[in-house]
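So the structure is just underneath, and the comments pick up after that.
Just follow the structure's listing: the first ligand is 1, and inside any ligand the first atom is 1. Small disclaimer: the values here were computed from a predicted structure and weren't measured.
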Amino acid sequence: MEKTKTPLLLIISCLLTATATAAHSENICQGKENLLKFNVYVQDIRGGPSPTVYTVAEASITANSPTSFGVIHVVDNLVTAGPDINSAAVGRAQGLATFADLHTVAASENINFVFTAGEFNGSTISTTGRNPVTNLERELTVVGGTGAFRFARGYAITSTYSDDTAADSSVLQYTFYVARYAGASRDSV
Ligand SMILES: *[C@@H]1O[C@H](CO)[C@@H](O)[C@H](O)[C@H]1NC(C)=O
């Protein structure tokens, strides 16, 4: 019987051979676990007639804080396959962002990616972590998921693809690197 590598070595060797993909995902590693890499875009609409980001609470010091410390936003942002808001909708990014750093503009986030179309329709990915929103690239933790993402773990690199200050909205790019058990799918249980 062929000797199999440990999952960790497998993931490392997969990362080394991973190649960039566009708005679709591909299996970049075969085995008991596989590592998916894919991009999605989040339409972060704070202003205008139909915002999808709302402020739900703030602290006594928020208004005078250079880092908006204590403000809590709840989001239900459209997730699209491409950066254009009219590109294929693939789901929503739902959750909380709390500005939780007194000295740097950084949010503590809990966001669930809920896929409602495409390859991952019906599955979710849960992310958490610290988001220093003014950094060029931010890294969030993938802590798990449901459906196709059962047993998932990994990370997401997010960056601001574009900003529209007049409309008070941004397009955020998320590149997910998700290791998941190869047998995990909605139909496999
Ligand atoms: C997503 O899955 C649901 C439930 O199976 C189905 O009703 C819906 O048509 C699917 N949507 C797309 C866009 O595939």
Side-chain angles (χ1 to χ4, degrees), residues 7 11 14-15 18-54 56 73-97 107 109-129 131 138-164 167-189:
I11 288 166
C14 289
L15 276 172
T19 52
T21 59
H24 68 285
S25 75
E26 68 178 322
N27 259 326
I28 53 178
C29 188
Q30 296 295 331
K32 212 173 166 63
E33 265 189 321
N34 55 37
L35 181 62
L36 291 178
K37 176 186 179 183
F38 61 96
N39 285 329
V40 293
Y41 294 84
V42 170
Q43 309 291 331
D44 193 54
I45 301 168
R46 301 174 298 274
S50 310
T52 57
V53 178
Y54 288 86
V56 290
H73 299 295
V74 59
V75 309
D76 181 4
N77 284 334
L78 174 66
V79 180
T80 49
D84 192 309
I85 195 167
N86 295 313
S87 66
V90 293
R92 311 291 296 190
Q94 302 173 336
L96 294 172
E109 296 190 352
N110 297 285
I111 307 282
N112 296 316
F113 284 76
V114 183
F115 295 96
T116 55
E119 182 179 356
F120 305 127
N121 186 10
S123 300
T124 66
I125 290 179
S126 294
T127 66
T128 187
N131 187 344
R138 292 84 73 177
E139 180 174 343
L140 295 168
T141 312
V142 170
V143 292
T146 64
F149 297 109
R150 288 172 183 165
F151 303 110
R153 67 195 191 290
Y155 60 97
I157 302 294
T158 178
S159 57
T160 303
Y161 179 86
S162 63
D163 249 330
D164 185 336
D168 197 13
S169 67
S170 310
V171 179
L172 310 171
Q173 180 179 339
Y174 277 76
T175 304
F176 281 98
Y177 297 84
V178 181
R180 56 168 193 172
Y181 181 61
S185 84
R186 289 192 65 77
D187 304 323
S188 67
V189 176

Between the side chains of Glu109 and Thr127, is a donor N or O closer than 3.5 angstrom to an acceptor N or O?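 Per modelled atom types, Glu109 and Thr127 side chains form no pair under 3.5 Å.
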Do Asp76 and Thr52 get their side chains close enough for a donor-acceptor pair, meaning under 3.5 Å?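 Checked: Asp76/Thr52 side chains show no N/O donor-acceptor pair below 3.5 Å.
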In terms of relative ring orientation, are Phe38 and Phe176 parallel, tilted or perpendicular, with 30° and 60° separating the classes?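 Parallel.
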Let me know which of Tyr41, Tyr155, Phe113 forms a ring pair (Phe, Tyr, Trp, His ring centres under 6.0 Å) with Tyr174.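 For Tyr174, the ring pair (Phe, Tyr, Trp, His ring centres under 6.0 Å) test succeeds with only one of Tyr41, Tyr155, Phe113, which is Phe113.
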When you measure from atom 9 (O) of ligand 1 to the protein, is at least one non-hydrogen atom found at a distance under 4.0 Å?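 Looking at atom 9 (O) of ligand 1, one finds that no protein heavy atom lies closer than 4.0 Å.
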What do you think, any protein heavy atom under 4.0 angstrom from atom 5 (O) of ligand 1?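 Answer no: nothing from the protein, no heavy atom, is under 4.0 Å.
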With atoms numbered from 1 as shown, which atoms in ligand 1 lie under 4.0 angstrom from a non-hydrogen atom of Thr116?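 Per the distance check, 1 (C), 11 (N), 12 (C), 13 (C).
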Number the atoms of ligand 1 from 1 as they appear, then name those within less than 4.0 Å of a heavy atom of Ala117, with their elements.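 Selected atoms, number and element: 13 (C).
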Restricting to non-hydrogen atoms, name the atom on Arg138 and the atom on Leu172 that form the minimum distance, rounded to 0.1 Å.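 Heavy atoms of Arg138 and Leu172 come nearest at NH2-CD2, 4.0 Å.
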Considering only protein heavy atoms, which is closest to atom 12 (C) of ligand 1, and at what distance to one decimal place?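 Answer for atom 12 (C) of ligand 1: Asn121 ND2, 3.4 Å.
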